[in-house]
There are 2 protein chains.
Amino acid sequence: MCQMLAMNCNTPTDIVFSFEGFRRRAGMTDCHSDGFGIAFFEGKGVRVFRDDKPGSISPIADCVKQYHIKSLNVIAHIRKATQGVVNIENTHPFIREIWGENWVFAHNGNLNQLPDLSNCYCSPIGNTDSEVAFCYMAAQLKQRFCKKPTEQEIFTAIKELAMELSAYGTFNFLLSNGEWMIAHCSTNLHYITRQAPFGKAERIDDNNVIDFRNYVKDTDKVTIVTTFPLTKNEIWTKMEHGGLVMFKDGMKVREIVGKPKVAVDDGTLGIAKIAA
Amino acid sequence: MCQMLAMNCNTPTDIVFSFEGFRRRAGMTDCHSDGFGIAFFEGKGVRVFRDDKPGSISPIADCVKQYHIKSLNVIAHIRKATQGVVNIENTHPFIREIWGENWVFAHNGNLNQLPDLSNCYCSPIGNTDSEVAFCYMAAQLKQRFCKKPTEQEIFTAIKELAMELSAYGTFNFLLSNGEWMIAHCSTNLHYITRQAPFGKAERIDDNNVIDFRNYVKDTDKVTIVTTFPLTKNEIWTKMEHGGLVMFKDGMKVREIVGKPKVAVDDGTLGIAKIAA
């Protein structure tokens with residue numbers, strides 16, 4: 001499995017406090033050492049940094065720390081390989097162009113069965129289940145909508161695709177087009193929205209403390225989504241199985257509340273279908 | 001206009017000697033200061049670094065220098081904006097997935113007319129003529145061949161697309177899928193293949209000298225392609241207008257020799273068509 005981290009805000013924000021705790025889990029406080037990647041949106045453009053070295057010691061991750069890039073939407077991933085060897089092409093997040101936008105995707109989980117990719121317009125480059133799932137989503141979205149539809153139509157389409165792919169296994173994912181951030185939970189995903197009045201936070205992984213009042217304005221809204229909480233003195237919201245949330249400008253704008261996980265075999269597919 | 005740099009080798013090689021001279025042209029020895037980008041293939045994967053700051057002073061470019069990434073295929077670009085504002089999404093090189101491979105593209109020139117992109121499977125994210133041209137090439141390639149064809153078929157198809165797009169303006173470009181490097185010349189493109197016996201080279205932009213014998217093996221073959229030569233004591237091959245070369249494992253493997261540029265108005269298109 002892997003761990004994921006995302007940020008969505010209403011003002012370009014530096015993710016280094018969260019990223020520095022998170023990347024310790026890539027070899028120091030946890031074992032997600034099979035490469036890391038982080039993508040920062042800047043307008044419609046994306047800066048991506050990846051390495052097949054553990055995130056905790058990668059010189060590329062050091063570079064990310066030093067540069068303090070500010071962004072409205074960030075997705076990071078530290079990998080514990082389940083399918084696919086450890087190399088750059090298997091390193092999340094994955095990127096595809098959809099309707100003239102960069103779409104960035106990271107996955108935590110494992111799909112036991114893969115969707116059919118018989119069209120030739122979107123193919124995986126590496127050999128992970130995650131990239132196949134993302135290619136399937138991209139191809140389906142392009143097929144359903146030749147041009148970019150409304151935000152509600154996108155959310156509904158992604159809900160349907162998330163339910164379809166969740167039937168194949170564990171499918172926690174983060175997805176952003178630079179305007180919004182979507183989080184889907186199968187097993188573990190937590191979020192927190194920080195806004196005024198801001199206070200202090202203490203990192204779980206190294207006890208480092210930050211006082212957000214020294215860095216932000218009262219109008220700032222910053223949502224962090226991650227596999228497991230990063231701070232010990234804040235209240236994180238745990239998403240339920242099948243939960244899907246869209247964040248925009250740092251706030252939750254759309255939500256499908258999930259349910260505690262129950263396995264149901266409907267007897268038609270020969271695989272356990274998950275009630276969502 | 002812009003300047004471009006590429007490397008193709010038979011063993012993973014560090015491009016820092018060339019890149020350090022090249023990036024001085026982004027604000028120090030020349031005026032290509034509207035952002036820079038560099039993509040390193042690693043297997044089928046790509047590491048990409050971009051910045052909208054001038055390549056000569058960008059901290060991201062400093063990071064590239066420090067890390068000494070070794071690669072078989074590299075494409076770098078320093079931008080002097082002609083079409084499209086200065087931002088990350090307009091920063092070359094551009095990347096698209098074609099037949100399950102990363103294809104990386106950089107352009108130097110200016111297209112006065114743009115090809116039709118009425119299909120919805122490949123759209124530009126930024127607003128440069130360069131990205132439109134690349135999307136057109138990607139869409140055409142996918143349309144002509146549902147699965148990856150032979151290398152000769154790819155070379156022939158790219159020759160046809162290069163000729164077609166060259167009719168719209170200046171179209172120097174570099175293109176790689178991680179296996180080979182293709183260079184197309186409209187106006188300025190030079191290359192050199194370094195192989196045993198290796199010697200010393202002196203950079204034009206800062207007189208820095210390297211003795212390759214300290215860094216390479218006798219079996220190494222390294223081709224550098226660039227807009228204007230980077231060293232003063234070596235003999236660079238100048239490509240002619242319409243010239244197209246494919247390099248693989250550091251050596252030229254396919255070539256269409258161009259001709260000195262002559263403008264011919266055939267009277268049917270209402271635009272100057274270039275004899276290639």
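Just so we're on the same page: letters track the sequence lines, and every chain starts at 1.
Judged purely by atom type and a 3.5 angstrom limit, A/Lys44 has no side-chain atom pairing as donor or acceptor with the backbone of B/Glu89. The main-chain N or O of B/Ser123 is found under 3.5 Å from a side-chain atom of A/Glu97 such that the two form a donor-acceptor pair.
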From CA spacing to verdict: side-chain contact (heavy atoms from CB on, under 4.5 Å), B/Arg47, A/Ile88
CA-CA 8 Å; B/Arg47 298 178 199 253; A/Ile88 291 287; 3.6 Å; yes
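Both the backbone and the side chain of B/Glu42 come within less than 4.5 Å of a heavy atom in chain A. In this structure, chain A has heavy atoms under 4.5 Å from both the backbone and the side chain of B/Asn102. Residue A/Phe41 does not touch chain B at all, counting heavy-atom pairs closer than 4.5 Å.
Contacts of residues 5-23 of chain B with chain A at a heavy-atom distance below 4.5 Å are absent; not one residue qualifies. Annotation: residues 51-67 of chain B contacts chain A through B/Asp51, B/Asp52, B/Lys53, B/Pro59, B/Ile60, B/Cys63, B/Tyr67 [non-hydrogen atoms, separation under 4.5 Å].
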